[in-house]
Undergrad: 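Structure incoming, see below.
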Amino acid sequence: MRRRATSSSTCTGCWSLAGQMPRPDASAGFAAQTIGQPDGWSLAEGSTRAVLTRLFRESVLPNWKVLVLGLAAMVATAATSGVLPFLMQMVADEVFVAKNEQLLFVLPGLVILVMTFRAAADWVSQVADAWLGNQVVADLRIRMFDTLANADLGWIQRTHSGRFVSAFVNDTPIVDRAAAKTMTSMVKNGLSVLFLVGSMFYMDWRLACLVVAGMPLAIVFLGRQKKRISGSVRRSMQEAGDLGSMLTQTLQGIRVVKAYRQEAEEAARFRGIVGNIVDYLMRTARSRAAVGPVTEALSGLGFAAAILYGGWQGIHGNVSLGHFMGFMTAAMLAYQPLKSLASAQASLSEGVTAASRVFAIIDYASHVTESRSAKPLKVSEGRITFERVGFGYEAGKSVLADFDLEIAPGQKVALVGPSGAGKSTVINLLLRFFDPEAGRILIDGQDIRDVTLASLRSEIALLTQEPILFDETVASNIAYGSEGALQEEIAAAAEAAAAHDFIMRLPNGYQTRVGEAGGRLSGGERQRIAFARAMLRNAPILLLDEPTASLDAEAEAKVQSAMEKLLAGRTVLMIAHRLSTVKRADLICVMDEGRIVELGTHSELLARNGAYSRMFGTQFATEEPALSALRG
Ligand SMILES: Nc1ncnc2c1ncn2[C@@H]1O[C@H](COP(=O)(O)OP(=O)(O)OP(=O)(O)O)[C@@H](O)[C@H]1O
């Protein structure tokens with residue numbers, strides 16, 4: 001059977017807002033890094049400008065061609081807005097006052113031309129705007145996923161999946177809507193205001209001064225509202241994360257929720273979170289809603305002053321009607337983009353807050369990284385050596401201490417011991433889901449920290465208690481991690497795993513979808529697909545976390561032969577809760593509180609009359625599945 005290496009890489013080049021985003025020190029020990037970061041990632045307090053600059057540089061600028069096109073279209077739209085007041089002035093002065101009939105036929109044509117051009121430019125700018133926004137969302141989601149896929153297991157386990165889902169689903173569209181779109185709308189409206197205010201000053205600088213007199217007040221007011229908005233938005237996003245967490249938790253544990261009749265309590269908790277979200281959203285809405293009317297009221301003052309002064313000048317014959325009408329058209333046209341500009345400022349804080357949350361994920365630096373000089377792992381015989389390995393998930397709480405174990409090529413070693421002894425931790429360390437704090441782990445003499453993660457993991461196959469299947473076809477579940485496997489190879493692996501016959505009875509054979517987490521298959525069928533996956537991968541090292549523990553005797557009997565085939569010719573490290581598993585081992589390693597307390601064969605250990613013998617008497621003799629007593 002062919003062997004293939006999977007491709008995987010670590011997050012080596014992570015971005016950071018210097019001084020803004022918290023970045024854990026990758027050189028420190030794992031346990032030390034987790035202190036003070038209960039969730040593994042915290043909200044970054046980047047300044048608005050820093051966050052926007054970064055968003056622009058990393059997500060918008062790479063699409064600079066569309067950006068330039070969109071900007072050109074915006075300038076064209078804004079410039080045509082600036083032309084309209086002059087056309088109005090000409091209509092009033094030349095048609096109404098000077099009675100110029102020729103112009104009466106020219107001006108409507110000009111208006112149609114200008115308006116058509118403006119409409120076309122507006123369409124281009126809107127499409128470019130949408131394209132850029134979608135690209136920003138896609139880019140942020142892809143980069144977050146890359147970080148997640150390459151992050152160490154510790155961070156992912158500490159952070160609730162709902163928080164991640166919320167960042168992907170809720171936060172990225174807010175970045176698009178409130179930051180990317182607002183940025184472009186600010187450019188567009190800013191340019192319109194610039195052209196129109198320019199026209200106003202060009203026509204009559206005194207009148208223009210009166211109209212814009214209220215602006216400084218509006219700016220001060222806006223600053224205050226922005227602070228309020230960013231506070232309430234931050235809280236509402238945190239609550240949305242909690243909502244996601246609660247939803248996934250309830251769905252995952254729905255059987256327990258129902259069995260313990262906790263529906264009402266869960267619904268009350270849910271209502272509480274939803275109520276909090278509404279509360280924070282309303283605070284945001286109130287602050288944002290105040291921006292438009294206040295700007296409006298202040299511009300009303302400016303208009304009133306302009307009418308008073310302009311009217312006075314008109315009565316005394318200092319300005320013509322056309323002059324005044326042209327000016328007021330410019331002022332009125334400037335009013336809408338000015339109001340949008342003020343509102344955009346407010347929603348910008350929303351986008352910046354969401355972008356900070358997204359960057360906090362993107363910036364996470366995995367604790368498990370590849371060294372620059374990492375080489376592919378070369379497994380010649382399959383010897384595994386644990387040398388005085390020490391490890392703890394949390395600071396000051398040792399889980400493994402001075403763990404020494406030598407597994408000879410092709411040897412089958414069973415890890416046994418009470419719940420919490422550290423058996424799964426040994427497997428976690430061998431796969432480099434975590435790195436040891438002390439000592440080292442070698443495969444055929446190569447420290448696993450000096451080899452590439454992809455090569456390490458492609459030489460190891462893992463079978464877990466609960467087989468992990470994806471909602472794909474049977475064939476792609478078997479071929480998971482063995483890209484490019486041929487149909488015959490997949491079928492051969494399934495045959496060896498005693499899975500071919502039941503697969504052929506499925507409605508679409510190998511092309512049948514297995515449902516969420518393989519829900520359409522029985523436990524034994526799921527496990528046989530997982531065996532077939534391991535067969536196809538054909539890795540020289542096999543890690544088993546009691547894959548038959550959740551099967552009943554009949555289902556276990558069906559996978560026995562598959563198991564024998566799988567184990568043959570490989571170095572195997574297995575967590576054993578059952579006598580049937582322990583019996584397969586050449587060497588039994590009895591663990592307690594992170595240390596090896598006994599090591600030997602089944603008969604040697606029984607003869608020693610120690611921990612293993614006691615365990616045998618209480619647990620294995622009865623062949624209790626899953627050893628509930630051992631697991632506490
Ligand atoms: N992700 C984690 N974060 C913090 N502590 C952990 C984590 N995983 C395991 N531990 C702790 O480490 C210790 C060893 O756990 P481990 O899962 O290795 O035990 P085990 O021997 O495999 O237990 P079991 O037989 O019950 O599966 C336990 O005290 C456990 O609470």
Side-chain angles (χ1 to χ4, degrees), residues 10-28 30 32-60 136-180 183 227 229-245 248 277 280 284 347-369:
T10 48
C11 173
T12 45
C14 291
W15 302 266
S16 106
L17 275 173
Q20 310 294 345
M21 308 291 183
R23 275 171 71 92
D25 178 3
S27 61
F30 173 78
Q33 290 163 32
T34 63
I35 305 168
Q37 278 195 56
D39 288 325
W41 59 283
S42 52
L43 294 185
E45 289 282 352
S47 77
T48 302
R49 194 183 303 163
V51 174
L52 285 179
T53 309
R54 186 175 166 188
L55 190 67
F56 185 75
R57 196 181 57 233
E58 293 174 5
S59 299
V60 180
V136 169
V137 171
D139 173 66
L140 293 176
R141 283 179 174 161
I142 289 168
R143 280 162 58 194
M144 272 200 291
F145 193 84
D146 281 349
T147 305
L148 268 189
N150 293 305
D152 55 278
L153 208 62
W155 179 59
I156 295 173
Q157 283 177 343
R158 284 193 307 278
T159 311
H160 203 290
S161 54
R163 297 263 168 97
F164 287 127
V165 173
S166 176
F168 276 87
V169 177
N170 300 331
D171 297 352
T172 42
I174 295 176
V175 176
D176 168 36
R177 208 171 46 239
M183 270 201 283
K227 271 201 190 114
I229 289 171
S230 110
S232 53
V233 161
R234 198 174 288 278
R235 297 301 302 273
S236 72
M237 282 175 186
Q238 278 168 354
E239 293 284 339
D242 289 348
L243 187 96
S245 303
T248 41
I277 294 178
Y280 289 122
T284 311
S347 50
L348 201 60
S349 356
E350 206 174 325
V352 167
T353 310
S356 304
R357 282 166 60 91
V358 169
F359 284 142
I361 293 183
I362 289 174
D363 285 342
Y364 180 77
S366 179
H367 299 316
V368 175
T369 50

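Numbering starts at 1 and runs along the sequence shown. Keep in mind the model is a prediction, meaning the values are calculated, not measured.
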Undergrad: Over all heavy atoms of both residues, which pair between Val175 and Gly351 is shortest? Give the atoms and the distance, please.
TA: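 Distance-wise, the nearest heavy atoms are CG2-O, 4.1 Å.
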Undergrad: Working to the nearest 0.5 Å, report the span between CE of Met237 and CG of Leu243.
TA: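 The CG atom of Leu243 is 14.0 Å from CE of Met237, to the nearest 0.5 Å.
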Undergrad: So how far is it from Leu55 CG to Asp139 CG, rounded to the nearest 0.5 Å?
TA: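 Output value for this atom pair is 8.5 Å.
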Undergrad: Measure the CD1-CG distance between Ile362 and Leu148 for me, rounded to the nearest 0.5 Å.
TA: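 Interatomic distance, Ile362 CD1 to Leu148 CG, rounded to 0.5 Å: 10.0 Å.
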Undergrad: Do you know which two heavy atoms are closest between Ser166 and Arg357, and how far apart they sit?
TA: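 Taking Ser166 first and Arg357 second, the nearest heavy atoms are OG-NH2, 4.1 Å.
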Undergrad: Under the rule for side-chain hydrogen bond (donor to acceptor under 3.5 Å, both in side chains), what residues qualify as partners of Thr248, not counting sequence neighbours?
TA: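 If we apply the side-chain hydrogen bond (donor to acceptor under 3.5 Å, both in side chains) test to Thr248, skipping adjacent residues, there are no hits.
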Undergrad: Backbone N or O of Ile229 within a donor-acceptor pair of the Ser232 side chain at under 3.5 Å?
TA: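 Side chain of Ser232 to backbone of Ile229: a pair is present.
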Undergrad: May I ask you to test the Thr172-Val137 pair for a side-chain heavy-atom distance under 4.5 Å?
TA: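 Side chain of Thr172 against side chain of Val137, heavy atoms only: contact under 4.5 Å found.
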Undergrad: Using 0.5 Å steps for rounding, measure from the CZ atom of Phe359 to the CZ atom of Arg54.
TA: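 Result: 4.5 Å between the selected atoms.
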Undergrad: Report yes or no: does Arg158 contribute a side-chain atom to a donor-acceptor pair with the main-chain N or O of Gly154 at less than 3.5 Å?
TA: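 Here the side-chain-to-backbone pair exists.
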Undergrad: What are the two closest non-hydrogen atoms of Met144 and Ala167, and how far apart are they?
TA: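 Taking every non-hydrogen atom into account, CE-O, 3.7 Å.
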Undergrad: Hey, mind stepping through Arg235 and Ile277 against side chain to side chain contact (heavy atoms under 4.5 Å, CB included) and telling me if it holds?
TA: CA-CA 8 Å; Arg235 297 301 302 273; Ile277 294 178; over 6 Å; no
Undergrad: Measure the spacing between CG of Asp171 and CD1 of Ile361 and express it to the nearest 0.5 Å.
TA: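 Going from the CG atom of Asp171 to the CD1 atom of Ile361 covers 7.5 Å.
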Undergrad: Return the orientation label for the Phe164 and Trp155 ring planes: parallel under 30°, perpendicular over 60°, tilted otherwise.
TA: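 Answer is perpendicular, since the angle exceeds 60°.
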Undergrad: Are a donor atom and an acceptor atom from the side chains of Asn150 and Tyr364 found within less than 3.5 Å of each other?
TA: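 The answer is no; no qualifying pair exists.
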Undergrad: How long is the straight-line distance from OG of Ser59 back to CG of Leu140, given to the nearest 0.5 Å?
TA: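 Taking CG in Leu140 and OG in Ser59, the distance rounds to 4.5 Å.
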